[in-house]
There are 2 protein chains.
Amino acid sequence: MKPSIHPMDHDCRPVGEILHQIGGKWTVLIINTLSDGPMRFSELKRMVGGISQKVLTSTLRELEMDGFITRTVTPSIPPRVDYELTDLGRDLQRPLKVLGQWAIDNRPKVLDARRQYLAENPQAAKQYKGLHYVPQLQAAE
Amino acid sequence: MKPSIHPMDHDCRPVGEILHQIGGKWTVLIINTLSDGPMRFSELKRMVGGISQKVLTSTLRELEMDGFITRTVTPSIPPRVDYELTDLGRDLQRPLKVLGQWAIDNRPKVLDARRQYLAENPQAAKQYKGLHYVPQLQAAE
DNA sequence: CAGAATCCAACTGGATACTG
DNA sequence: CAGTATCCAGTTGGATTCTG
């Protein structure tokens, strides 16, 4: 089922699209990692850490398709492929940084809200699938 | 597989979390809709348009759990439930607006990049699952 | 090295029916 | 009205194996 198109769709549809696109588990992490400069596939995989080869490949493809990164193949043996942010990709980092700062600033509030909710509705804890570290006030990182 | 935790995780993990959380297909749409003021369940469903009742319910629960909205029950017959943005929820709209503006400003570039990519790699069009309206230069909306 | 291909478990989200 | 409970199809993403 797709969102129907209402008159007031002035500005939230594109947002939803972008968010859904970069909302992938690894996308932001990858973009951020690439901000240090071009990087090879294996290097990127190592830096990001924990991502499977298949998912890294497909995520990179999407980013390339959207014009956020470039993919440069050096047909040597063994082959070498470098990924690099485009201007558009680098530009995306700016609004991303704003949201990122907000996330950092307000994460305590969110975690508190979540803790309180779970305290008030213990039964909700069961099917809880939310953020991975909900839990018991782990020390500040 | 979860992202492993590296030293350089300074600021992208929380971002990824938030993005993944609000990256749901409807989340932003709902937050935006609620910015006009409190709204009942059915009203919200109608405004958002196209969302199933189950998904609306669970999305609202998540937003409530994270402290972005409040849920107020009026135990009349028939019952009445109102949803309203909290301060935190309203505060979230600011960085969201930044990203939204970026999305609006740059969507043409993304769509162009996508068109070009699909033109160069016709075989990629097959398993293409990306943004819903990739396509043939539909008139400006 | 950088993937493509395959298989499979888990999660998402829609449709439908039922309830306080 | 505002859900809850099921059922089920489609997608995501991890693990593994194979290749230019």
Side-chain angles (χ1 to χ4, degrees), chain A residues 1-4 16 19-27 29-30 38-65 69-84 121 123-124 126-132, chain B residues 1-4 16 19-27 29-30 38-65 69-84 121 123-124 126-132:
Chain A
M1 195 182 246
K2 291 170 187 173
S4 63
L19 277 170
H20 201 257
Q21 192 74 4
I22 65 181
K25 209 163 149 190
W26 306 96
T27 319
L29 212 46
I30 291 174
M39 211 169 277
R40 313 181 48 164
F41 186 87
S42 52
E43 215 174 344
L44 204 43
K45 184 169 182 338
R46 201 164 26 74
M47 288 292 290
V48 170
I51 190 173
S52 70
Q53 171 266 335
K54 174 185 159 188
V55 174
L56 178 56
T57 299
S58 67
T59 306
L60 288 171
R61 284 284 186 281
E62 283 175 17
L63 289 174
E64 185 195 359
M65 182 158 49
I69 63 174
T70 57
R71 177 173 179 271
T72 310
V73 181
T74 308
S76 54
I77 296 180
R80 173 195 181 94
V81 180
D82 288 277
Y83 293 92
E84 184 174 12
N121 319 43
Q123 88 295 3
K126 286 187 302 187
Q127 79 276 19
Y128 182 70
K129 293 293 172 39
L131 276 48
H132 299 304
Chain B
M1 196 182 244
K2 291 169 188 174
S4 62
L19 277 171
H20 202 259
Q21 193 73 5
I22 65 181
K25 207 161 149 192
W26 306 95
T27 319
L29 213 45
I30 291 174
M39 212 169 276
R40 312 182 48 163
F41 185 87
S42 52
E43 216 174 345
L44 206 42
K45 184 167 183 339
R46 200 163 27 72
M47 288 292 290
V48 170
I51 190 173
S52 70
Q53 171 267 347
K54 173 186 160 188
V55 174
L56 178 56
T57 300
S58 68
T59 306
L60 287 171
R61 284 285 186 280
E62 283 173 19
L63 289 174
E64 185 194 0
M65 182 157 49
I69 64 175
T70 57
R71 177 172 179 272
T72 310
V73 181
T74 307
S76 54
I77 297 179
R80 173 196 181 94
V81 180
D82 288 277
Y83 294 92
E84 185 173 12
N121 320 43
Q123 88 295 4
K126 285 187 303 188
Q127 78 276 20
Y128 181 71
K129 293 290 172 43
L131 277 49
H132 300 303

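Letters go in sequence order (proteins before strands), and every chain restarts at 1. Because only heavy atoms are used, hydrogens play no part in the values below, and waters and symmetry mates are left out as well, while side chains stay in.
- Rounded to a whole Å, the CD1 atom of A:Ile51 is 11 Å from the C1' atom of D:dG14.
- In this structure, the CZ atom of A:Arg71 is 12 Å from the C1' atom of C:dA4, given to the nearest Å.
- In this structure, the side chain of A:Lys45 does not engage the main chain of A:Leu56 through any donor-acceptor pair within 3.5 Å.
- For A:Glu64 and C:dA2, the CD to P distance is 15 Å, given to the nearest whole Å.
- For B:Ile30 and C:dG13, the CD1 to C1' distance is 13 Å, given to the nearest whole Å.
- Set against C:dA15, C:dG3, C:dC1, the side chain of A:Pro78 has C:dC1 as its closest nucleotide.
- Between the side chain of A:Glu43 and the base of C:dA2 there is no donor-acceptor pair of N/O atoms closer than 3.5 Å.
- In this structure, A:Arg71 and A:Arg61 have side chains that are in contact, with non-hydrogen atoms separated by less than 4.5 Å.
- Not one side-chain nitrogen or oxygen of B:Tyr83 sits closer than 4.0 Å to the OP1 or OP2 atom of D:dC1.
- With rounding to whole Å, A:Leu56 atom CG is found 16 Å from D:dT12 atom P.
- Using modelled atom types, one side-chain atom of B:Ser76 and one backbone atom of B:Pro78 make a donor-acceptor pair closer than 3.5 Å.
- For A:Lys54, taking side-chain heavy atoms from C-beta onward, the closest of the listed nucleotides D:dC1, D:dG3, D:dG14 is D:dG14.
- To the nearest angstrom, C1' of C:dG13 lies 17 Å from CZ of B:Arg61.
- B:Met39 has its CE atom 12 Å from the P atom of D:dA2, to the nearest Å.
- Nearest approach of B:Arg80 to B:Asp82, heavy atoms of both residues: NE-OD2, 2.9 Å.
- Look at CG on B:Leu44: it is 14 Å from P on D:dC1, rounded to the nearest Å.
- Proximity note for A:Val55 (side chain, C-beta onward) versus C:dA2, D:dG13, C:dG3: the nearest is D:dG13.
- Side-chain proximity of B:Gln53 to the nucleotides D:dG20, D:dT4, D:dT6 is greatest for D:dT4.
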